[in-house]
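Working notes for the structure below.
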Protein chains: 2
Amino acid sequence: MTRGGSVSQATGNSTIADVARRAGVSLKSVSRVINKEPHVSPKLLAKVSAAISELNYVPDPAARSLAGQRSFTIGLLFDNPSPHYTMKAIIGAYRACVAQGYHMRFDTLNSRSGSALLSSQLDAVVRNGRTDGFVLTPPLTDNREVLDYLERHNIQYVRIAPAIDPGRSAAVSIDDVAAAAQAAQYLCDLGHRIIGLVNGPPDHGAAITRRQGFIERLKSISPDIVLHEAKGDFLFESGISAGEALLSEDPRPTAIFATNDDMAAGLLVACGRCRLVVPDDVSLVGFDDSWIATSVWPYLTTVHQPIEDMAAEAVQLLLAQTKHGQPYEDHMLDYHLVVRESSSPPAEVTSDERTAHR
Amino acid sequence: MTRGGSVSQATGNSTIADVARRAGVSLKSVSRVINKEPHVSPKLLAKVSAAISELNYVPDPAARSLAGQRSFTIGLLFDNPSPHYTMKAIIGAYRACVAQGYHMRFDTLNSRSGSALLSSQLDAVVRNGRTDGFVLTPPLTDNREVLDYLERHNIQYVRIAPAIDPGRSAAVSIDDVAAAAQAAQYLCDLGHRIIGLVNGPPDHGAAITRRQGFIERLKSISPDIVLHEAKGDFLFESGISAGEALLSEDPRPTAIFATNDDMAAGLLVACGRCRLVVPDDVSLVGFDDSWIATSVWPYLTTVHQPIEDMAAEAVQLLLAQTKHGQPYEDHMLDYHLVVRESSSPPAEVTSDERTAHR
DNA sequence: AGCTAAACTGACATCGCTGTCAAACAGATT
DNA sequence: AATCTGTTTGACAGCGATGTCAGTTTAGCT
């Protein structure tokens, strides 16, 4: 049987021994260079790097993980209803993994199942593949059972946008409070005074933080602002029902903020059903700047959070902490409000009044 | 230094040697059982399987790929504008990989770049990680440069929903022609006689096949049916503009079929802009049953294709063909029309007339 | 210059598994 | 019963890297 059919051939076929021979040094010295270990003289480094690039050498991950204790694989854990979010996180994390020569795997957990079930799911995930550590996405980030499990098993992890136990692990997030506050400010600046808010699920920390940031800012701007709240669960349908509830309030909100885009898209539907035009009759603002924000019309004004970058950053933190055992870092990334067609000043406000609120 | 921090420990720590000892056989015999190699007597099989399950043994993929020629990794290749499609394909393929103890990686190619660029992208992907084979998704499936490259390098691949060169490789698909025909039939059965069609990009085989199936059926039903066509590119925005073009035709279509859901969602917007109510004034039918079909209102009537299953099936075909070098199989999976709220009989048709067309 | 400590290098066993090849065994044939 | 053939089984050498540890330079002092 020929060796054809396998791609292994195509991959740079040189081994560490070839590099060592070419550079005129020992195997171990090459290994030191590859792994950026200490005790490598500049001269050695130069020789070896030259040989590596001449031979187009790429270390074999299988051999590395067999010989060493690392697996060169990290895992991404989900329990997220939004495929848009998930997709972006996967892409971002994957990019970072590839850049660092790591593999990525991902798994979904159902964190709402009982704790026995949850723990057996975790068992399965952990046994399933050797993994150097995990990146957790919301709402897993805020599930103490998961965190406890991981710590009990001495497994490294990094959280994306955690809402509880700050400092418990490395984390990368945006300032949800400030971001939601900016949305509130924006709506008020436009002149809105009767405002609706659609919450997310209570086990999703970001939902709480965003609500808090939004409400606090509203209050700090003026005590006269009327706020109506409605419950949601981050899913499209809940946006529809929340919207119908909100729009039947009296006085009716002239603007509604949803704590994610999927629900904001649902609000759009509710407005349509109530024969209200967005943004003329009602302004809508979402959160996430996910795919759906530009898959509906009008395009949603929303808070952009760099999910891909966050996931990539999380992977990097994880790898750094795996290697050097550094103290936990907490990275804050930038958000920004993206103004699109779903928001405008309220109809009855004149441009004079509006200016007064700037 | 302790071994803590790595998960390797947690993964069943028994090795093939433990199993061999426990079963009282040689290493190689255990290996034979694991790999389902021939020349294994029932007695041996029983002893070894028992030992394996008692020890909860799981072979170490790193060691396997180092020793053998397989990498236990397959690649998924994309150049797809629709994240919904992509996401589902990833999930499905991943599921199948995990079930077979394989790793999965995925990469995106920009197939519209020049051929030199394309080939260097392929080089990068192939060199990047050793891979036992690739699963191609549209429109890569119909890009002869990609197919040629893979074959030239003797790399196994399977295509999902290819539109050209049937039999050139193993493939898994649905019958796009019949599926689109069913959509046409459905619309006609409802009583529609003035019908719009939004095409996809011409380099996307499925766009062509679906168009063909739709039109042929329309013609076979009645020569009197009026058909208006508009160009699209499978993206949301193109649905809006195609919709606006179609809706300004005279006579105006009472139903429009889009060759994917994203464009159908765009049609919804166009209808809104033209102050037309869906489905009362215009019925809409999409294709794919992707996430967006239920992220807009009204929910889209659409043709469901089991993308996850198709991807999973593709992985299985790929692995089978890698192992046994079997002849190429072509698997057809089921589709079905999902009737939701975006379609209804045309306003002016009475229920009597409608019945006549059943 | 001479000596010690630190910096660097290399030989070799090892990780867990598969491929090769030869030995052991069983059943069929004479 | 002896031989032959074909099926099962096992011993052993790698796969390509890393970790250990001992050996060799260098640098820094007196």
Side-chain angles (χ1 to χ4, degrees), chain A residues 1-3 5-6 8-9 11-48 51-52 55 57-73 101-102 129-130 132 323, chain B residues 1-3 6 8-9 11-48 51-52 55-72 101 129-130 132 323:
Chain A
M1 182 185 271
T2 75
R3 301 199 68 203
S6 170
S8 340
Q9 296 271 74
T11 304
N13 35 21
S14 41
T15 79
I16 198 172
D18 299 324
V19 176
R21 205 172 307 125
R22 175 117 185 186
V25 301
S26 76
L27 289 183
K28 183 59 199 177
S29 294
V30 177
S31 173
R32 284 206 188 81
V33 170
I34 295 170
N35 295 292
K36 302 199 175 68
E37 287 173 29
H39 309 315
V40 172
S41 67
K43 217 167 30 175
L44 211 207
L45 177 65
K47 277 194 295 187
V48 173
I52 286 180
L55 260 36
Y57 166 74
V58 179
D60 180 333
R64 300 228 284 178
S65 89
L66 178 57
Q69 60 273 303
R70 288 171 294 168
S71 68
F72 295 92
T73 298
Y102 269 66
R130 334 205 140 182
D132 288 344
K323 285 175 194 153
Chain B
M1 180 185 274
T2 76
R3 304 199 67 204
S6 169
S8 339
Q9 294 272 76
T11 304
N13 35 21
S14 43
T15 78
I16 197 173
D18 300 324
V19 176
R21 207 172 306 125
R22 175 120 186 182
V25 300
S26 76
L27 289 184
K28 183 58 200 179
S29 293
V30 178
S31 173
R32 284 205 187 83
V33 172
I34 295 169
N35 294 293
K36 301 198 175 70
E37 286 173 30
H39 308 314
V40 172
S41 68
K43 214 165 37 174
L44 212 207
L45 177 65
K47 275 193 295 187
V48 173
I52 287 179
L55 260 36
N56 212 297
Y57 166 74
V58 179
D60 181 335
R64 299 228 283 177
S65 88
L66 178 56
Q69 61 272 306
R70 289 172 292 168
S71 68
F72 294 93
R130 337 205 138 181
D132 288 343
K323 284 176 195 153

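Every chain is numbered from 1, with letters handed out A, B, ... down the list of sequences. Every value quoted in this text rests on a predicted model; they were computed, and no experiment measured them.
Across all strands, B:V30 comes closer than 4.0 Å to no nucleic acid atom at all (heavy-atom distances). If you check every strand for non-hydrogen atoms under 4.0 Å, A:F72 touches nothing. Nucleic acid contact for B:L44: sugar-phosphate only, since backbone atoms but no base atoms lie under 4.0 Å from a heavy atom of the residue. Counting non-hydrogen atoms under 4.0 angstrom, A:P61 reaches nothing in the nucleic acid.
The main-chain N or O of A:L55 is found under 3.5 Å from a side-chain atom of A:S14 such that the two form a donor-acceptor pair.
One can place CZ of B:R70 at 12 Å from C1' of C:dG19, the figure rounded to the nearest angstrom. At whole-Å resolution of the value, CD1 in B:I16 and P in C:dG16 are 11 Å apart. Atom NZ of A:K36 and atom C1' of C:dC8 are 20 Å apart (whole Å). Rounded to whole Å, atom P of C:dC17 lies 10 Å from atom CG of B:N35. Summarising the geometry, the separation between CD on B:E37 and C1' on C:dT18 is reported as 8 Å, rounded to the nearest angstrom. Atom pair B:L45:CG and D:dT7:C1' shows a separation of 16 Å (rounding to whole Å applied). In this structure, the NE2 atom of B:H39 is 18 Å from the P atom of C:dC25, given to the nearest Å. Here the P atom of nucleotide D:dG23 and the NZ atom of A:K28 are 18 Å apart, to the nearest Å.
Pairing each heavy atom of A:A17 with each of A:L27, the nearest pair is CA-CD2, 3.5 Å. Residue A:V30 comes nearest to A:A20 through the heavy atom pair CG2-CA, 3.7 Å, listed as atom of the first residue, atom of the second, then distance.
Of all nucleotides listed (C:dG19, D:dA17, C:dG16), D:dA17 comes nearest to the side chain of A:D60. In this structure, the nucleotide among C:dC17, D:dT18, C:dC15 sitting nearest to the side chain of A:S31 is D:dT18.
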Could you walk me through whether B:V19 and B:R22 pass side-chain contact (heavy atoms from CB on, under 4.5 Å), step by step? CA-CA 5 Å; B:V19 176; B:R22 175 120 186 182; 5.7 Å; no

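Dashed line: the shortest gap from a side-chain N or O of B:S41 to OP1 or OP2 of D:dT9 is under 4.0 Å. Neither OP1 nor OP2 of D:dC15 sits under 4.0 Å from any side-chain N or O of B:Q69. OP1 or OP2 of C:dT9 has not a single side-chain nitrogen or oxygen of A:S26 nearer than 4.0 Å.
Ranked by how close their nearest DNA chain D nucleotide is to the 5' end, B:L27 and B:A67 are led by B:L27.
No hydrogens or angles were tested; on distance alone, nothing pairs the side chain of A:R32 with the base of D:dG19 as donor and acceptor under 3.5 Å.
When side chains are defined from C-beta on, B:R32 does not count as touching B:V25, because their heavy atoms never get closer than 4.5 Å.
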